[in-house]
Protein chains: 2
Amino acid sequence: MASNRKQETSEKIITTAIDLFSKDGYNGVTTEQIAKEAGFSEKTLFRHFQSKQNLLEKAIDRYHYGEEMRSIFESKVVWNLQEDLTLISQNYHRIMYQNRKLLKMLMKIGENVPGLHQYSHRHPELLKEFLTNYFEEMKNREKIIPVDAEKIAITFLYMNFGFANGRMNGSCDFRDGEFEKLLKDSVALFTRGLTP
Amino acid sequence: MASNRKQETSEKIITTAIDLFSKDGYNGVTTEQIAKEAGFSEKTLFRHFQSKQNLLEKAIDRYHYGEEMRSIFESKVVWNLQEDLTLISQNYHRIMYQNRKLLKMLMKIGENVPGLHQYSHRHPELLKEFLTNYFEEMKNREKIIPVDAEKIAITFLYMNFGFANGRMNGSCDFRDGEFEKLLKDSVALFTRGLTP
DNA sequence: TTAAAATGTCAGTCAGTACAGACATTCATT
DNA sequence: AATGAATGTCTGTACTGACTGACATTTTAA
């Protein structure tokens, strides 16, 4: 089909744009670079997206990150701290890693993009609430010591955000299973710190 | 003194540049904007810094948080886990907060700036080593349980980086003493998770 | 084979922006 | 008050980069 080909072209241009934007930011990349890198002419880029700004917006829309994040909430918790935290952090990092370039891109985009800030903070907020409720319930079940559930949730989330950020920017050497081991140790620490 | 006045002008331009760069990135701000916002003419900006690129470089090495970071290493550890972690995290966040705009700026700058990546990762690396050695020694003294010292150090650091990042971007409402409470709770969690 | 859809080429427009020179003006110091 | 340093103003240059239109070429589907 023709429409299929058209779609593939758009797809290729978008992913290339995300790739370059994530490295050098929106203003640091030219439409010519994007088109060339994607293997098309600049003209084709504009035929597909009309403007650079629109290309950016289409790239952001592609952010299915939000929808995927929902899968975390659907994580079947079994009310066992270690198991649950492991599952949650694994899901979290899978999603963050899949969307790492988009995330880097978003972090580089200025504060001048309206609504973006709220948009990109909506899902983390939901995740925080989800975790807070989880810890609250665990307290009721007397499976963890009495703590400020929200603060523990924030701590767990920001710790994992830190991990994800470090992995994205290649700060530490997270080769092979190193990253998984780190997650395991951090979950173990939480578990030991919270179980009565 | 005349040289004093000159210096003050440079200072004002640099801080303004950092302020704007941190919001919209290097390419998202014009020299005209910087000059105007700083209260000078564009010509003065160029008389002081010759080029925009040079202004960026001066901004980067004038506000190097690296030296301040050294004060963390000079933190007098007393080999009491809770006290030491509290002191370290407090120092860390003081420095991160002071340099928050510079840090935001650095995060937005593309990977095309040579050497910047290594430069901005040098001090966190040192801090990681410092902390790793600390946990190692605490193990020897049998004040904490046997764990992978490096992984715990990474966990503690990335958690705090996550906090700092959240505070910089205003993700959560860290008003009044909320942030301090968060630090306290997270240190308590670590302490409980590591003490035998 | 053929028509339509998709892409390429190339030349060009237009706005924005880093930066320079000439000259006027303000400011601090004596 | 006078002088030199610092700054302002204004004009201009050179270049980049988003975006367009006309026309040619390739690709796809019937």
Side-chain angles (χ1 to χ4, degrees), chain A residues 1-61 105 108-114 116, chain B residues 1-60 62 105 108-114 116:
Chain A
M1 294 180 196
S3 70
N4 196 3
R5 183 189 172 197
K6 199 172 175 180
Q7 196 181 328
E8 280 170 21
T9 301
S10 287
E11 179 77 15
K12 178 68 182 168
I13 292 175
I14 286 186
T15 54
T16 305
I18 291 177
D19 200 38
L20 296 180
F21 286 157
S22 75
K23 284 187 209 143
D24 297 325
Y26 178 74
N27 291 309
V29 182
T30 70
T31 51
E32 195 184 2
Q33 277 177 266
I34 298 170
K36 194 170 195 175
E37 183 77 18
F40 295 96
S41 72
E42 197 183 1
K43 184 77 200 178
T44 296
L45 184 152
F46 280 102
R47 271 198 273 252
H48 279 252
F49 297 98
Q50 293 79 48
S51 74
K52 189 186 179 186
Q53 179 71 29
N54 184 47
L55 169 58
L56 173 67
E57 281 162 21
K58 287 295 179 313
I60 292 177
D61 282 345
M105 187 185 91
K108 285 204 174 106
I109 292 189
E111 295 166 358
N112 40 14
V113 181
L116 182 59
Chain B
M1 294 182 196
S3 68
N4 197 2
R5 183 186 171 198
K6 199 171 175 179
Q7 196 182 327
E8 279 170 22
T9 301
S10 287
E11 182 76 16
K12 178 69 183 168
I13 291 175
I14 287 185
T15 54
T16 305
I18 291 176
D19 200 38
L20 296 180
F21 287 157
S22 74
K23 284 187 209 144
D24 297 325
Y26 178 75
N27 291 309
V29 182
T30 70
T31 50
E32 196 184 2
Q33 277 178 266
I34 298 170
K36 194 170 195 174
E37 183 77 18
F40 296 95
S41 72
E42 197 183 2
K43 186 76 199 177
T44 296
L45 184 153
F46 281 102
R47 271 198 272 252
H48 279 253
F49 298 98
Q50 293 79 50
S51 73
K52 189 186 179 186
Q53 178 72 28
N54 184 48
L55 169 58
L56 173 67
E57 282 162 21
K58 287 295 180 313
I60 290 176
R62 176 167 273 262
M105 186 185 90
K108 285 204 173 107
I109 291 189
E111 295 167 357
N112 41 13
V113 180
L116 181 60

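Residue numbers begin at 1 in each chain, while the letters A, B, ... track the order of the sequences. In what follows, every heavy atom counts, from backbone to side chain, and hydrogens, waters and symmetry copies are set aside.
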Rounded off to whole Å, could you give me the NZ-to-C1' distance for the Lys6(A) and dA29(D) pair? 16 Å

Glu37(A) and Thr16(A) have their tightest heavy-atom pair at CG-CG2, 3.4 Å

His48(B) side chain near dT7(D) phosphate (N/O to OP1/OP2, under 4.0 Å): yes

Please report the closest heavy-atom contact between His48(B) and Ser10(B), naming both atoms and the distance. ND1-OG, 2.7 Å

Can you tell me the distance, in whole Å, between the CD atom of Glu42(B) and the P atom of dG21(C)? 15 Å

Using a 4.0 Å heavy-atom cut-off, does Lys43(A) contact any base of the nucleic acid, only the sugar-phosphate backbone, or nothing at all? base

Roughly, in whole Å, what's the span from CZ in Phe49(B) to P in dA6(D)? 14 Å

Classify Ser41(A) by what it touches in the nucleic acid, base, sugar-phosphate, or nothing, heavy-atom distance under 4.0 Å. base

Intermediate values then yes/no, side-chain contact (heavy atoms from CB on, under 4.5 Å), Ile34(B) and Phe21(B): CA-CA 9 Å; Ile34(B) 298 170; Phe21(B) 287 157; 3.9 Å; yes

Please give, in whole Å, the distance from dC23(C) P to Arg47(B) CZ? 14 Å

Side chain of Thr30(A) only, please: which of dA18(C), dT7(D), dA18(D) is the nearest? dA18(D)

Look at the side-chain N and O atoms of Thr31(A) and state whether any lies under 4.0 Å from the OP1 or OP2 oxygen of dA18(D). yes

What integer distance in Å separates Leu56(B):CG from dA18(C):P? 13 Å

Spacing of Phe46(B) atom CZ relative to dG8(D) atom C1', expressed in whole Å: 15 Å

Please name the pair of heavy atoms, one in Lys58(A) and one in Ile14(A), separated by the smallest distance, quoted to 0.1 Å. CB-CD1, 4.1 Å

Which of these nucleotides, dT27(D), dA6(D), dC19(C), is closest to any side-chain atom of Arg5(A)? dT27(D)

Above 12 or not: heavy atoms from other molecules or residues under 6.0 Å from CD of Gln50(B)? yes

Hey, which sits more toward the 5' end of DNA chain D by its nearest nucleotide, Gln33(A) or Gly39(B)? Gly39(B)

How long is the line joining CD of Gln53(A) and P of dG17(D), in whole Å? 18 Å

Whole-Å distance between dG8(C) P and Leu45(A) CG? 11 Å

Testing dG8(C), dT27(D), dG17(D) for proximity to the side chain of Thr44(A), the answer is dG8(C)

